[in-house]
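Both ligands and their constituent atoms are indexed starting at 1 by order of listing. Everything numeric here is computed off the predicted structure, so don't read it as measured data.
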Amino acid sequence: MQDTTKNGATGCGCKPAAEPKFPEQVTGMYILAQALKKVGIDTIYGLVGIPVTEAAYIAQGQGIRFLGFRHEQQAGMAAATHGYLTGKPGVLLTVSSLGFMNGLTATANATVNCYPMIQISGSSEREPIDLNQGNYEALDQYSVAKTVAKAAYRVNRAEDIPIAVVRAYRTAISGRPGGVYLDITAPCLGQIVDHDVAEKLLFTPVDPQPAMVPSPASVDRAMKLLASAKKPAFIFGKGAAFAQVEDLLTQLVEKTGIPFYPMSMAKGLMPDKHPLSALSCRSTIMEEADVVVLVGARLNWLLSRGHGKWSPDTKFIQLDIDPVEIDCNRQIDAPVVGDLRSSLEAMLNSLPSYKMSMDAAWVPGLQAQTKVKNAKFAERLAVKTVPMTHWSALSAAKEVIEANPDVILVNEGANTLDDTRDTIDMSLPRHRVDCATWAIMGMGMGSAVGAAVATGKSVVAIEGDSAFGFSGMDFSTICRYELPVTVCIFNNGGIYNGIGEPLDKTTDPAPTTLDINARYDKLAEAFGAKAYYVTTPDEYAAALKEAIASKAPALIDVQLAADAGKESGHIGYLNPASLIPVTV
Ligand code: ADP
Ligand code: TPW
Ligand code: MG
């Protein structure tokens, strides 16, 4: 075995009392790498420095892939996306204090989105933190993390590292997945343990993601309600994509003939172009469906929390692993609490005992509406406006991406998000990753790296110019690891657009204004990637096609008009007030 413990000193004033004598002795860092391998972790995303530099070197030396980033938030977004796409927790490694805080943003976001990930952070020694004595990068990280992570654990003794890693792993992946924080103090990372003692502490957990079978009574209640429905509909959420249940959903939809509506990241679980896809009929489902089956989708703000356009008479069946999600915003008439595979299997098994009573006109009505809406949409996309709008740019992206359906699409922005989601049809599951439940900006480059590394597939990231700014420097990470990622920046010169006008007499730019003349393609040149600057839909289509085919890092600056895009995209109604002229 390679002696990787020669890098065992932490370099932070927390060096082990003596250098470990390998192979008889090992450090906490060595145990950490071994413990991660035991639970099947093969990749770490992170950014090193005191006290975790050697931990990363040792992990790499032990055969774990380490991807180094320019900002911890992006490393965390990569870990979270890795977790979402593979179904196994992604791992983020951060340094203490600000590195930890930067990464914690991604851990919090993972928790909100139900992505499994583990943030491992070195922290400085406990005693001066607890007395607030001003030690190097001192912060009570564990207490901070507890407020936003699914759970937090702290390890103070190297012998506890194996059990702590297993606990973090189980917590991240079982029940409702989420982001788990694992704090390892610097002295613990450097602590020396006899190798044979350490070996005996390592183990692989048995059944870390146990099936959670729903009660037969809950399945029966749900099936009775579904069978009674005249205008039923399924709503698929990203919980179903995470649970990889597309096989069962396809059977249930096709056997019952009930239409389905996918939430943004559930697009592709069944093809958007499927005859039973009601993608264009969101309002009709809200207003008219009498029974709606939520499959791994929360009735949160993205579904108007069950109010607004929703008919007060609609009855809900909800399939979810988390019992406290039920009745969160509105009464759920038939909760089915269990893991989706078990719940859907139970429903499918009992299906022959029920006779559906769906109105014969319901699906044809939705299909007719879909046809009309699609025709209108196609008309809008056919106008190849130059300078480009989001729509004319997206007509080009649609053509190329739909011809490359196995490309994973990463997407963030406001108009850039909403219009891309509405324009580009997905046909494969887990091929769309976006800013999701919190609608945050700053997931793009990290998620693109995570998606490419976790799946080995090509990735296209469609980014608003503002959205890109949050993670842009990690384009260099895409380049350093030579990943097959094409980043498209929709430059309309601002947040929402580039025509904001200051309300007072300042000569400063408006709060929403960015750089309409910026040449983002020059950034790609700096890192040796393929660089394109496009001003027409045809140029964009040609560049995108070539970039995807190259399977190499590429960046396309997609020049839009400054007046392309409206404030807040589709969710302007959430602003507390519209702009009122203010004089100072
Ligand atoms: P969307 O934003 O696409 O509507 P959400 O993130 O709101 O999706 O909802 C995902 C839901 O899926 C969460 O309530 C979560 O508890 C649930 N979930 C995640 N994994 C599973 C699983 N394996 N089985 C059942 N439910 C799951
Ligand atoms: C972490 C607020 C929502 S959307 C957006 C911001 C800053 C950018 C929209 O502009 P973009 O797209 O990306 O250029 P487009 O096509 O509409 O012009 N900080 C965080 N998250 C959010 N959501 C914001 C700020 C916001
Ligand atoms: Mg913009």
Side-chain angles (χ1 to χ4, degrees), residues 73 84 87 105 109 111-116 173-178 209-212 214 235-245 261-267 269 294-303 318-326 328 336-344 389-390 393-394 411-420 432 434-444 462-471 489-500 511-516 518 558 560 562-572 574-575:
Q73 181 177 321
Y84 171 70
T105 306
N109 189 54
T111 305
V112 165
N113 285 309
C114 316
Y115 303 150
I173 198 69
S174 59
R176 171 182 279 179
Q209 192 183 17
M212 295 174 73
I235 294 185
F236 301 159
K238 62 180 172 299
F242 167 75
Q244 306 192 4
V245 289
Y261 175 87
M263 301 300 287
S264 184
M265 284 174 57
K267 276 163 67 85
L269 267 170
L294 298 163
V295 188
R298 283 171 285 187
L299 212 44
N300 57 14
W301 74 278
L302 288 156
L303 286 170
Q318 184 163 24
L319 277 57
D320 205 288
I321 202 159
D322 189 350
V324 298
E325 183 57 36
I326 310 300
C328 184
V336 181
V337 176
D339 75 278
L340 282 176
R341 183 152 290 279
S342 301
S343 299
L344 290 165
T389 60
H390 292 80
L394 283 166
N411 188 202
E412 60 176 335
N415 297 279
T416 303
L417 174 86
D418 294 336
D419 299 349
T420 303
R432 196 187 142 81
D434 62 34
C435 39
T437 306
W438 256 351
I440 45 88
M441 301 299 110
M443 46 69 70
I462 300 190
E463 302 270 312
D465 56 323
S466 165
F468 175 72
F470 289 75
S471 69
I489 299 162
F490 278 25
N491 188 10
N492 60 354
I495 299 175
Y496 314 133
N497 57 46
I499 53 165
T512 48
T513 297
L514 295 172
D515 312 290
I516 188 74
V558 184
L560 305 191
D563 63 356
K566 60 181 184 210
E567 195 195 325
S568 305
H570 289 193
I571 55 173
L574 291 174
N575 281 315

Legend entry - Derivation and outcome, side-chain hydrogen bond (donor to acceptor under 3.5 Å, both in side chains), residues Ser568 and Asn575: CA-CA 8 Å; Ser568 305; Asn575 281 315; 3.1 Å; yes

Inset, instruction - Decide yes or no on side chain to side chain contact (heavy atoms under 4.5 Å, CB included) for Asn113 and Met265, but give the supporting numbers first. - result: CA-CA 11 Å; Asn113 285 309; Met265 284 174 57; over 6 Å; no

Legend entry - Derivation and outcome, side chain to side chain contact (heavy atoms under 4.5 Å, CB included), residues Tyr84 and Lys238: CA-CA 9 Å; Tyr84 171 70; Lys238 62 180 172 299; 3.7 Å; yes

Legend entry - Asp419/His570 under side chain to side chain contact (heavy atoms under 4.5 Å, CB included): CA gap, chis, key distance, verdict: CA-CA 9 Å; Asp419 299 349; His570 289 193; 3.6 Å; yes

Legend entry - Audit row: Val295, Leu269, side chain to side chain contact (heavy atoms under 4.5 Å, CB included) steps and yes/no: CA-CA 12 Å; Val295 188; Leu269 267 170; over 6 Å; no

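Within Asp465, the N, O or S atom at minimum distance from the Mg ion (ligand 3) carries the name OD1.
For the pair Ile495 and Leu514, the tightest heavy-atom approach, listed with the atom from each and the gap, is N-CD1, 4.1 Å. Between Met441 and Ala467, the shortest heavy-atom contact is SD-CB, 3.7 Å. The minimum heavy-atom distance linking Leu340 with Ala240 is given by the pair CD1-CA, 3.5 Å. Listed here is the closest heavy atom pair of Ala211 and Ser342: CB-OG, 3.9 Å. Of all heavy-atom pairs spanning Ala393 and Val558, the tightest one is CB-CG1, 4.0 Å.
In this structure, atom 2 (C) of ligand 2 is not in close contact with the protein, since no protein heavy atom lies within 4.0 Å of it.
Distances below 4.0 Å separate heavy atoms of Ala243 from the following atoms of ligand 1: 23 (N). Close approach to Phe242 involves these atoms of ligand 1, each under 4.0 Å from a residue heavy atom: 20 (N). Atom numbering of ligand 1 starts at 1 in the shown order; those under 4.0 Å from a heavy atom of Asn300 are 7 (O). Listed by number with element, the atoms of ligand 2 under 4.0 angstrom from any heavy atom of Thr416 are 12 (O), 15 (P), 16 (O). For ligand 2, the atoms lying closer than 4.0 Å to a non-hydrogen atom of Ser466 are 7 (C), 8 (C), 10 (O), 11 (P), 13 (O), 14 (O). Atoms of ligand 2 lying under 4.0 Å from any heavy atom of Asn492, numbered from 1 in the order shown and given with element: 15 (P), 16 (O), 18 (O).
Taken from CG in Asn492 to OG in Ser466, the straight-line distance is 9.0 Å, to the nearest 0.5 Å.
At least one N/O/S atom of Gly494, whether from backbone or side chain, sits less than 2.8 Å from the Mg ion (ligand 3). At a cut-off of 2.8 Å, Tyr496 is not counted among the residues with an N, O or S atom near the Mg ion (ligand 3).
Residue contacts with ligand 1: Glu325 is placed with no nitrogen or oxygen under 3.5 Å of a nitrogen or oxygen of the ligand (distance criterion only). The shortest N or O to N or O distance between Glu412 and ligand 2 is not below 3.5 Å. For Arg176, a nitrogen or oxygen atom sits less than 3.5 Å from a nitrogen or oxygen atom of ligand 1, counting backbone and side chain alike. Between Leu340 and ligand 1, at least one pair of N/O atoms sits closer than 3.5 Å.
Heavy-atom distances between Phe490 and ligand 2 stay at or above 4.0 Å for every pair. Under a 4.0 angstrom heavy-atom cut-off, Cys114 registers as being in contact with ligand 1. Within the 4.0 Å heavy-atom cutoff, Gly338 counts among the residues contacting ligand 1. Distances from ligand 2 to the non-hydrogen atoms of Gly494 include at least one value under 4.0 Å.
Nearest protein neighbour of atom 13 (O) of ligand 2, counting heavy atoms only, is Ala467 N, 2.9 Å. Counting protein heavy atoms only, atom 13 (C) of ligand 1 is closest to Asp320 OD2, 3.3 Å. For atom 12 (O) of ligand 2, the nearest protein heavy atom (residue, atom name, distance) is Ala414 N, 3.3 Å. Nearest protein neighbour of atom 25 (C) of ligand 2, counting heavy atoms only, is Phe470 CZ, 4.0 Å.
Between the choices Gly296, Gly175, Gly237, the shortest heavy-atom distance to atom 9 (O) of ligand 1 belongs to Gly296. For the residues Met263, Arg298, Lys238, the heavy atom positioned nearest atom 2 (O) of ligand 1 is part of Lys238. When Val337, Asp434, Leu303, Ile321 are ranked by how near their heavy atoms come to atom 21 (C) of ligand 1, first place goes to Ile321. Considering Met443, Met441, Glu463 only, the shortest heavy-atom separation from atom 5 (C) of ligand 2 involves Met441.
Using cut-offs of 30° and 60° for the angle between ring planes, the Phe490 and His390 rings count as tilted.
Side-chain contact between Cys114 and Phe242 is absent, with no heavy atoms from C-beta onward closer than 4.5 Å. By the 4.5 Å heavy-atom criterion applied to side chains, Thr416 and Asn411 are counted as neighbours.
Trp301 contributes a side-chain N or O that, together with a main-chain N or O of Thr437, makes up a donor-acceptor pair within less than 3.5 Å. No donor-acceptor distance shorter than 3.5 angstrom exists from the side chain of Asn497 to the backbone of Asp563, with no hydrogens or angles considered.
Counting heavy atoms under 4.0 Å from ligand 2, residue Asp465 touches it through both backbone and side chain. With a 4.0 Å cut-off on non-hydrogen atoms, Ala439 touches ligand 2 through its backbone and not its side chain.
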